[in-house]
K.L.:
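Below you'll find the structure I mean.
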Amino acid sequence: MKLMSTTALALAAAAIAAPAAAQNYGAAPAAQTPAVPNAGTVAAPAATPQIKLSKKASKAIIALQTAVKANDVANIPAKVAEAQAVAETAEDRYAIGRLQLNAAQAAKNTEAAVLAADYIAAANYLPKAQVAGLYNSLGVDFFNAKNTARANAMFQKAVATDPNNSESLRLLAETQNASGNSADAIANFQKAMQQSAASGQKLPEESFKRAVSAAYTAKSPSAVGIGQQWIAAYPSPESWRNAIAIYRNMMRPGVQGSLDLLRLMRAAGAMTTGGDYSLYATAAADQGNFGEAQSVIDEGLAAKRVTLTDRTVRDTVSGLKAKPKASAADLEAAAKTATTGVSLLRIGDRFYGLGNYARAAELYRLAVSKGADASLANLHLGMALARAGDKAGAKTALGAVTGANAEIAKYWMIYVNRAA
């Protein structure tokens with residue numbers, strides 16, 4: 001695995017005119033934003049004022065710049081020491097550090113670049129985000145050179161410099177995860193997600209994948225929340241399927257909960273294997289929703305994701321043949337005589353299975369008024385309204401879900417809030 005950063009290490013050189021009491025050293029560079037696949041961008045801050053060197057240090061700094069431009073490797077260390085000895089201001093120290101960095105880059109000496117970055121950081125001239133960017137870039141270089149210990153040290157420095165920098169937190173988490181330090185990696189991935197979301201950005205999807213994998217492998221309850229953040233940031237059949245599978249495997253929601261999550265997978269287009277369709281059909285049949293179970297199998301066959309040569313599918317299909325499948329007329333007749341909230345809720349589920357989401361929603365509302373489990377009824381009402389395209393109504397219903405169903409409602413809420 002290779003790391004990429006959204007910040008750049010290079011600081012552009014600037015000419016120094018000889019000597020004056022207050023020299024212009026060129027504008028301090030703004031943070032750069034190179035294109036990085038699947039990564040958020042870092043907004044460039046406003047350019048800082050022109051650098052003015054002190055009268056005492058300008059001669060030594062100009063001499064250092066001359067040596068750096070000439071790539072006078074033998075004399076650069078001495079020139080650096082001479083300039084540092086007479087530096088008086090933050091501008092002086094920043095100018096020296098930047099020239100050190102230019103020399104280190106030219107020599108492809110990453111350790112020398114670290115010393116330069118430390119000197120720049122100590123100058124307290126650049127914004128913290130830019131200093132963190134220097135350490136991030138150095139850390140990426142170390143990581144890609146397979147020196148994870150030094151990479152970790154650089155990212156730690158970046159986070160210490162700018163604790164709310166999501167890029168630094170992400171890179172630190174990636175390095176900790178690659179080093180087997182899953183506990184700290186998970187915590188820093190989560191911090192990075194929070195900070196990036198707060199700034200209106202998002203981490204690269206690969207970071208979400210590694211974060212949720214680390215949490216799931218460690219059997220950490222945080223895997224559920226990270227999975228939800230993943231599908232919110234990058235909704236796709238892969239993310240939906242995996243995030244829901246993680247929840248089902250870790251939380252064991254029971255037959256009804258599993259069915260409601262499988263219904264969500266179907267709505268999100270995340271059913272990609274014959275096993276998904278068979279599992280859904282079995283769960284629906286276990287709840288007596290034989291018509292829904294049959295429609296799921298038929299859909300899988302039409303999509304060529306289900307094959308009757310699969311023994312499990314064949315057994316499911318065989319079992320459904322003898323089961324009664326209520327028509328809409330049958331259900332309307334049953335609704336007229338239903339007297340309890342539970343029976344109305346079940347009839348609503350049958351309409352949901354037929355794809356008549358509007359009628360299902362009506363019956364779910366009626367079920368609540370007749371004493372049905374409000375949590376389950378509101379969940380199913382939100383599901384039906386979501387499938388019917390009533391986002392506002394779905395959000396209201398899902399927001400009213402409490403208890404054990406509340407976590408399932410969160411997944412459906414993400415579905416409702418997904419980008420159009």
K.L.:
If we count only N and O atoms by modelled type, under 3.5 Å, do the side chains of Asn152 and Thr175 hold a donor and an acceptor together?
P.N.:
no
K.L.:
Taking only Lys NZ, Arg NE, NH1 and NH2, and the carboxylate oxygens of Asp or Glu, determine whether Glu174 and Arg210 approach each other closer than 4.0 Å.
P.N.:
yes
K.L.:
Mark yes or no for whether Asn188, through its side chain, and Asp184, through its backbone, hold a donor-acceptor pair below 3.5 Å.
P.N.:
yes
K.L.:
So Phe351 and Glu332, do their side chains get closer than 4.5 Å, heavy atoms only?
P.N.:
yes
K.L.:
Go through the steps to decide whether Lys395 and Asn417 satisfy the test side chain to side chain donor-acceptor pair (under 3.5 Å), and finish with yes or no.
P.N.:
CA-CA 9 Å; Lys395 288 181 181 181; Asn417 288 328; 3.0 Å; yes
K.L.:
Any heavy-atom pair between the side chains of Ser222 and Gln190 that's under 4.5 Å?
P.N.:
yes
K.L.:
Roughly how far, to the nearest 0.5 Å, is CD of Gln176 from OG1 of Thr148?
P.N.:
11.0 Å
K.L.:
Just by modelled atom types, is the Ala173 backbone N or O under 3.5 Å from a matching donor or acceptor in the Asn177 side chain?
P.N.:
no
K.L.:
Rounded to the nearest 0.5 Å, how far apart are CG of Asn289 and NZ of Lys325?
P.N.:
12.0 Å
K.L.:
Ignoring hydrogens, what is the shortest heavy-atom contact between Asp260 and Trp412? Give both atom names and the distance.
P.N.:
O-NE1, 3.2 Å
K.L.:
Of the non-hydrogen atoms in Val296 and Tyr277, which two are nearest, and what is the gap between them?
P.N.:
O-CD2, 3.4 Å
K.L.:
If we ignore hydrogens and angles and just use 3.5 Å, is the side chain of Ser278 paired with the main-chain N or O of Gly274 as donor and acceptor?
P.N.:
no
K.L.:
Using side-chain contact (heavy atoms from CB on, under 4.5 Å), reason through Ile297 and Leu301 one step at a time and then give a plain yes or no.
P.N.:
CA-CA 6 Å; Ile297 291 295; Leu301 288 168; 4.0 Å; yes
K.L.:
Can you give me the closest heavy-atom contact between Ala384 and Tyr357, atom names plus distance?
P.N.:
O-CB, 3.4 Å
K.L.:
Any chance you could measure Thr110, atom OG1, to Asp141, atom CG, to the nearest 0.5 Å?
P.N.:
5.5 Å
K.L.:
Answer yes or no: are there more than 12 heavy-atom neighbours, outside Arg346 itself, under 6.0 Å from its atom CZ?
P.N.:
no
K.L.:
Should Arg93 and Glu88 be marked as a salt bridge (charged side-chain N to carboxylate O under 4.0 Å, His left out) after you check the CA-CA gap, both sets of side-chain angles, and the distance that decides it?
P.N.:
CA-CA 8 Å; Arg93 295 182 181 89; Glu88 290 186 325; over 6 Å; no
K.L.:
Could you tell me whether Arg263 sits above the aromatic face of Tyr352, with NZ or CZ closer than 6.0 angstrom to the six-membered ring centre and within 45 degrees of the axis?
P.N.:
yes
K.L.:
Go through Leu331 and Leu354 one step at a time and tell me if the side-chain contact (heavy atoms from CB on, under 4.5 Å) criterion holds.
P.N.:
CA-CA 10 Å; Leu331 295 174; Leu354 291 177; 3.6 Å; yes
K.L.:
Which pair of non-hydrogen atoms, one from Trp230 and one from Ser239, has the smallest distance, and what is that distance?
P.N.:
CE2-CB, 3.4 Å
K.L.:
In terms of side-chain geometry, is the basic nitrogen of Asp276 or Arg305 positioned less than 4.0 Å from the acidic oxygen of its partner?
P.N.:
no
K.L.:
For the residue pair Val212 and Asn242, establish whether any side-chain heavy-atom pair is separated by less than 4.5 Å.
P.N.:
no
K.L.:
Under 3.5 Å, is there a donor-acceptor pair between the side chain of Lys370 and the main chain of Thr340?
P.N.:
no
K.L.:
Kindly indicate, with the supporting measurements, whether the criterion side chain to side chain donor-acceptor pair (under 3.5 Å) is fulfilled by Asn136 and Ser168.
P.N.:
CA-CA 6 Å; Asn136 285 342; Ser168 303; 3.1 Å; yes
K.L.:
Does atom CE (Met250) have a neighbourhood of more than 12 heavy atoms from anything else shown, all under 6.0 Å?
P.N.:
yes
K.L.:
The test is side-chain contact (heavy atoms from CB on, under 4.5 Å); show your working for Ile408 and Tyr247 and say whether it passes.
P.N.:
CA-CA 9 Å; Ile408 296 174; Tyr247 179 79; 4.1 Å; yes
K.L.:
Under the side-chain contact (heavy atoms from CB on, under 4.5 Å) criterion, do Asn165 and Gln195 qualify, and how do the steps go?
P.N.:
CA-CA 7 Å; Asn165 189 312; Gln195 293 300 334; over 6 Å; no
K.L.:
Find out whether Val140 and Leu171 are in side-chain contact, i.e. whether some heavy atom of one side chain is under 4.5 Å from a heavy atom of the other.
P.N.:
yes
K.L.:
Examine the side chains of Asp310 and Thr307 and answer whether a donor and an acceptor come within less than 3.5 Å of each other.
P.N.:
no
K.L.:
Is a side-chain N or O of Arg266 found less than 3.5 angstrom from the main chain of Leu262, in a donor-acceptor match?
P.N.:
no
K.L.:
Flag yes if more than 12 heavy atoms outside Lys128 fall under 6.0 Å of its NZ atom; otherwise flag no.
P.N.:
no
K.L.:
I'd like to know if the side chain of Asn109 reaches the main chain of Ala104, judged simply by a donor and an acceptor atom lying under 3.5 Å from each other, with no hydrogens or angles considered.
P.N.:
no
K.L.:
For Ser196 and Ser199, test the side chains for any donor-to-acceptor distance below 3.5 angstrom and give the result as yes or no.
P.N.:
no
K.L.:
Do side-chain atoms of Arg418 reach the backbone of Tyr415 as a donor and acceptor pair under 3.5 angstrom?
P.N.:
yes
K.L.:
What are the two closest heavy atoms between Gly139 and Phe155, and how far apart are they?
P.N.:
C-CZ, 3.3 Å
K.L.:
Sub-3.5 Å donor-acceptor pair from the side chain of Thr217 to the main-chain atoms of Ser213, do we have one?
P.N.:
yes
K.L.:
Output the distance between atom CG (Leu385) and atom CG (Asn378), rounded to the nearest 0.5 Å.
P.N.:
10.0 Å
K.L.:
Going by atom types only, do Tyr135 and Asp162 share a side-chain donor-acceptor pair under 3.5 Å?
P.N.:
no
K.L.:
Can you confirm whether more than 12 heavy atoms, excluding those of Lys79, are under 6.0 Å from its NZ atom?
P.N.:
no
K.L.:
Are side-chain heavy atoms of Arg248 and Leu279 found at a separation under 4.5 Å?
P.N.:
yes
K.L.:
Between Asp286 and Ala283, is there a donor-acceptor pair closer than 3.5 Å when you use the side chain of the first and the backbone of the second?
P.N.:
no
K.L.:
If we only count heavy atoms from C-beta on, is the Leu398 to Leu381 side-chain gap below 4.5 Å?
P.N.:
no
K.L.:
Flag the pair Ile96 / Tyr119 as yes when at least one side-chain heavy-atom distance between them is below 4.5 Å, and no otherwise.
P.N.:
yes
K.L.:
Between the side chains of Ser166 and Gln201, does any donor sit under 3.5 Å from an acceptor?
P.N.:
no
K.L.:
Just verifying a value: how many Å separate Gln228 CD and Ile246 CD1, rounded to the nearest 0.5 Å?
P.N.:
10.5 Å
K.L.:
Tyr125 versus Ile120: any side-chain heavy-atom pair under 4.5 Å?
P.N.:
no
K.L.:
Is the backbone of Ala223 close enough, under 3.5 Å, to the side chain of Ser220 for a donor and an acceptor to pair up by distance?
P.N.:
no
K.L.:
Give me the atom names and distance for the closest heavy-atom approach of Ala270 to Arg241.
P.N.:
O-CD, 3.6 Å
K.L.:
Counting heavy atoms not belonging to Lys209, are there more than 12 under 6.0 Å from its NZ?
P.N.:
yes
K.L.:
With a 4.0 Å cut-off, would you call Arg365 and Glu362 a salt bridge?
P.N.:
no
K.L.:
Once you round to the nearest 0.5 Å, how far does CG of Asp92 lie from CD1 of Ile61?
P.N.:
4.5 Å
